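These notes concern the structure reproduced below.
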Amino acid sequence: MPAEEFVAGWISGALGLVLGHPFDTVKLLGFFKGMSFPIASIAVVNSVLFGVYSNALLALTATSHQERRAQPPSYTHVFIAGCTGGFLQAYCLAPFDLIKVRLQNQTEPRAKPGSPPPRYRGPVHCAASIFQAEGPRGLFRGAWALTLRDTPTLGIYFVTYEWLCRQFTPDGQTPSSGTVLVAGGFAGITSWVAATPLDVIKSRMQMAGLKQRAYRGLLDCMVSSARQEGLGVFFRGLTINSARAFPVNAVTFLSYEHLLLSWG
Ligand SMILES: CN(C)C(=N)NCCC[C@H](N)C(=O)O
């Protein structure tokens, strides 16, 4: 199994997240200030995504990353490989994402001086508290919704990227850096537009354990959210997700492609 795609995925994920960090900090109102937790989580998850994607394509088409420009895979193969990467990355992402969402939603006490200290003191304390209160399964709360969000949307992500690269690149040639930046940026936006409705539901299910708010399942969460807040609820965060997605994914794909090219 070629390993360089995993390493390139890790490095490019780390670079992308440095760019996306200001957006995450805004979203989390300062609770997610440090870089070590995102690097340990998002970069590792990106490594799983790109590594599994490339190895799935290798299994489906018997072509390596370098051979794929001359012998481009079909969009069906790209979609299946992207979905496979998305499915596996969702399970690695689940505990980290839960911690992020829990920290993100405890902004009130910090905002008011003299109010009680926040429930979680940081990512490690948050993980330990969830583990103590809910057991190991607690760390995977919302994982099912996350898998549903990431499996098809990462198929869409790689198909969009490939399609845009092929539109602007003569047959058999390597896409220019400008093309990779634009294709990566739009792949990020397209996938986040498709992912946002399930992203909203996933976050609500992840918060349910804390708020003593019980949903009977994913469908119940969808129906009761739509009933109470209208259909607009499924598009909450769409603007910030899209604004963040362009630079993050442009840089992720550019560094990924450059690293693999330089390693030959
Ligand atoms: C749920 N969706 C849409 C995705 N995971 N899309 C792929 C983008 C990955 C990148 N690290 C980012 O955070 O934008």
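Since this is a predicted model, take the numbers as computed values, not measurements.
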Exercise for review: Starting from the C-alpha separation in whole Å, work towards a yes-or-no answer on salt bridge (charged side-chain N to carboxylate O under 4.0 Å, His left out) for Arg68 and Glu257.
Suggested key: CA-CA 12 Å; Arg68 276 179 219 136; Glu257 295 285 6; over 6 Å; no
Point to revise | Between Ser12 and His258: side-chain donor-acceptor atoms closer than 3.5 Å | key: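 Checked: Ser12/His258 side chains show no N/O donor-acceptor pair below 3.5 Å.
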Exercise for review: Verify whether one side chain among Arg204 and Tyr215 offers a donor that lies under 3.5 Å from an acceptor in the other.
Suggested key: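 No, no side-chain donor-acceptor contact under 3.5 Å.
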Exercise for review: Quick one: closest heavy-atom pair of Thr147 and Ala143, and the distance?
Suggested key: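 Nearest pair, atom of Thr147 first, then Ala143: OG1-O, 2.7 Å.
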What about [X] and [Y], same hydrophobic cluster or not, with Ile/Leu/Val/Met/Phe/Trp/Tyr joined at side-chain heavy-atom distances under 4.5 Å?
{"X": "Ile156", "Y": "Leu154", "answer": "yes"}
{"X": "Trp263", "Y": "Leu57", "answer": "yes"}
{"X": "Phe131", "Y": "Ile99", "answer": "yes"}
{"X": "Val44", "Y": "Val251", "answer": "yes"}

Check your understanding: Quick check, are the ring centers of Phe50 and Phe158 under 6.0 angstrom apart?
Key -> yes
Check your understanding: Is the gap between the ring centers of Tyr157 and Phe253 under 6.0 Å?
Key ->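 Close enough - the centres of the two rings lie under 6.0 Å apart.
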Strictly distance-based, threshold 3.5 Å: is any side-chain N or O of [X] a donor or acceptor partner for the main-chain N or O of [Y]?
{"X": "Arg149", "Y": "Thr196", "value": "no"}
{"X": "Ser255", "Y": "Thr252", "value": "yes"}
{"X": "Thr169", "Y": "Cys165", "value": "yes"}
{"X": "Glu67", "Y": "Ser64", "value": "yes"}
{"X": "Asn46", "Y": "Gly9", "value": "yes"}
{"X": "Ser47", "Y": "Ala43", "value": "no"}
{"X": "Asp199", "Y": "Ala195", "value": "no"}

Review point. Going through the distances and angles, do Ser242 and Val193 end up as a side chain to side chain contact (heavy atoms under 4.5 Å, CB included)?
Key: CA-CA 7 Å; Ser242 308; Val193 168; 4.1 Å; yes
Review point. Taking everything shown except Phe186 itself, do over 12 heavy atoms lie less than 6.0 Å from its CZ?
Key: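 Not more than 12 within 6.0 Å, no.
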Check your understanding: OH of Tyr75: more than 12 outside heavy atoms within 6.0 angstrom?
Key -> yes
Exercise for review: Please determine if Arg166 forms a cation-pi arrangement with Tyr161, meaning its NZ or CZ atom is less than 6.0 Å from the six-membered ring centre and no more than 45° off the ring axis.
Suggested key: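 So Arg166 doesn't make the cation-pi contact.
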Check your understanding: Who are the ring pair (Phe, Tyr, Trp, His ring centres under 6.0 Å) partners of His65, not counting sequence neighbours?
Key -> Tyr256
Practice item. Determine, stepwise, if the pair Glu5 / Asn55 fulfils side chain to side chain donor-acceptor pair (under 3.5 Å). Key: CA-CA 8 Å; Glu5 283 91 347; Asn55 281 284; 4.6 Å; no
